[in-house]
Amino acid sequence: MRISTLWSVVRSLDDGWISPIGTEIGRAWSMSEPPRYLRGSANFVFIDRSGGDRRFLRFAHESERNRAAIKQEMALLRWLDGQGLRVNLPVETVSGESVATVETDLGRFHAVLLTSVAGEHLEIHTLDLPGFERWGEAVGQLHQALDAIPDHLGRPPEWPATIAAGQAAGGVIALEAEAIAADLTALPTGRDWFGPIHSDVELDNLLWNGEAFGFIDFDEYATGWRGVEIAKALSELESALADGDPRRDAFIAGYRRRHELADEIVVCLPLMQRLFDLGMYLRLRRALEEPVEPAGAAQLDRLIANLGRWMAEYEERTARALGVPAT
């Protein structure tokens with residue numbers, strides 16, 4: 001999400017974390033009390049307690065999300081639920097739709113209301129090796145289910161667009177995109193290598209109920225490299241992709257209980273991490289391309305500074321790896 005879009009809603013919050021934008025959008029579900037802001041990243045997320053159980057109002061500006069893609073995501077959630085996976089489910093609007101499109105003073109937003117998934121978020125530093133195995137098994141189970149996804153829920157491969165955007169960026173970013181593309185085009189595309197993925201199965205998108213993980217946040221599900229899914233999941237751990245790390249090996253062992261995973265894919269995990277990092281750099285570049293006026297609260301200023309720092313470090317790290325001057 002563009003920082004300018006994030007600020008347009010955040011600046012409207014009152015001391016109780018209520019925004020007139022969230023309240024207006026919530027009327028599509030006849031909420032008896034205004035939803036309260038939780039976070040803003042790829043989407044805005046507000047908590048709704050008007051129905052008794054906690055639910056999540058999620059919305060995005062039309063410049064960020066496509067209504068048809070959101071409807072497809074809601075259909076995927078219902079399908080996954082039918083396959084026995086624990087996922088959050090859409091709550092229909094008063095008019096019986098899975099997605100509400102609402103005109104506001106800030107433009108048109110597409111919104112959904114989602115149920116909560118029972119369980120708790122686990123912290124990666126608290127996981128023992130059996131915990132990493134359970135995590136990997138959950139991801140393997142998800143991929144196993146996604147292998148049977150109906151055609152109408154499928155999405156085209158997204159990595160070519162990432163490569164093209166990287167090439168268009170010029171400089172060291174273009175060189176990195178070309179190097180990654182050359183390696184990817186030489187890889188097989190069997191279902192253990194390539195297929196539908198969640199795109200972010202880090203632990204903050206999984207909830208543990210004591211028996212199994214449940215999944216949330218499928219808004220960026222795509223067709224892509226299964227290795228990217230695994231590399232992204234483990235990216236919070238330093239050197240977790242290196243040979244001999246028992247946490248990585250436990251995750252992969254769990255994954256293989258549910259889904260094939262060739263040894264060659266494990267070898268390629270550092271390449272998959274590079275593809276993810278390139279995509280992250282490009283998303284942050286887009287997020288920061290529009291200036292924020294006024295500059296905003298100190299918290300927002302810190303966010304902008306932190307994102308800019310990550311991008312600069314990525315450019316320097318990539319230039320060193322390629323053996324070229326940073327630009």
Side-chain angles (χ1 to χ4, degrees), residues 1-5 41-42 63-64 155-190 192-202 220-245 248 261-292 303-327:
M1 182 193 304
R2 288 186 171 91
I3 295 296
S4 56
T5 303
S41 53
S63 63
E64 301 286 343
R155 290 181 172 176
E158 64 170 12
W159 73 269
T162 299
I163 295 299
Q167 291 170 328
V172 68
I173 303 304
L175 294 176
E176 173 70 346
E178 291 163 3
I180 293 171
D183 289 338
L184 290 178
T185 53
L187 298 181
T189 55
D192 55 338
W193 283 87
F194 201 77
I197 59 174
H198 177 287
S199 292
D200 189 1
V201 288
E202 288 190 271
E220 294 186 346
Y221 92 88
T223 299
W225 301 95
R226 265 43 197 280
V228 170
E229 190 97 285
I230 295 171
K232 173 65 168 62
L234 299 174
S235 62
E236 188 177 341
L237 298 172
E238 292 185 10
S239 304
L241 302 184
D243 288 341
D245 189 305
R248 185 204 71 170
L261 187 70
D263 289 339
E264 293 82 359
I265 299 177
V266 179
V267 173
C268 287
L269 288 180
L271 170 64
M272 301 299 176
Q273 182 66 50
R274 286 170 61 196
L275 176 61
F276 172 79
D277 286 344
L278 174 64
M280 176 61 72
Y281 175 89
L282 294 168
R283 285 192 291 273
L284 294 182
R285 179 172 172 152
R286 178 182 180 275
L288 296 173
E289 65 186 3
E290 290 185 359
V292 177
L303 172 62
I304 293 172
N306 288 338
L307 296 181
R309 187 178 304 112
W310 187 92
M311 292 175 66
E313 291 172 353
Y314 172 78
E315 291 173 359
E316 293 171 3
R317 182 173 70 250
T318 301
R320 286 197 304 271
L322 294 174
V324 300
T327 55

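These numbers come from a predicted model, not from an experiment.
Considering every non-hydrogen atom in both Met272 and Ala231, the closest pair reads CB-CB, 4.2 Å. Nearest heavy-atom pair, Pro188 versus Trp193, reported as atom, atom and distance to 0.1 Å: O-CB, 3.6 Å. Closest non-hydrogen pair, Leu322 versus Ala179, comes out as CD2-CB, 4.4 Å. Among all heavy-atom pairs drawn from Gln167 and Ala177, the shortest one is N-CB, 3.8 Å. The minimum heavy-atom distance between Leu234 and Arg248, with the atom names listed, is CD1-CG, 3.8 Å. Considering every non-hydrogen atom in both Ser41 and Met1, the closest pair reads O-CB, 2.9 Å.
Side-chain atoms of Leu278 and Ile163, non-hydrogen and from C-beta on, do get closer than 4.5 Å to each other. Using a 4.5 Å heavy-atom threshold, the side chains of Asp277 and Glu176 count as separate.
Thr185 OG1 to Trp159 CH2: the interatomic distance, rounded to the nearest 0.5 Å, is 6.0 Å. Rounding to the nearest 0.5 Å gives a distance of 8.5 Å between CH2 of Trp225 and SG of Cys268. In this structure, CE in Met311 is found 10.0 Å from OH in Tyr314, a value given to the nearest 0.5 Å. Atom CE of Met280 is separated from atom OG1 of Thr162 by 11.5 Å, given to the nearest 0.5 angstrom. In this structure, Ser235 OG and Leu269 CG are separated by 11.5 Å, a value rounded to the nearest 0.5 Å. With rounding to the nearest 0.5 angstrom, the OG1 atom of Thr318 is 8.0 Å from the CD1 atom of Ile180.
Taking 4.0 Å as the cut-off between side-chain N and carboxylate O, Lys232 and Asp200 count as a salt-bridged pair. Ion pairing of Glu64 with Arg286 is present here, as a side-chain N (NZ or NE/NH1/NH2) and a carboxylate O approach within less than 4.0 Å.
Judged by distance alone, the side chain of Arg226 and the main-chain N or O of Leu261 form no donor-acceptor pair under 3.5 Å. Side chain of Glu229 to main chain of Ser199: a donor-acceptor pair is present (N/O by atom type, distance under 3.5 Å, no hydrogens or angles).
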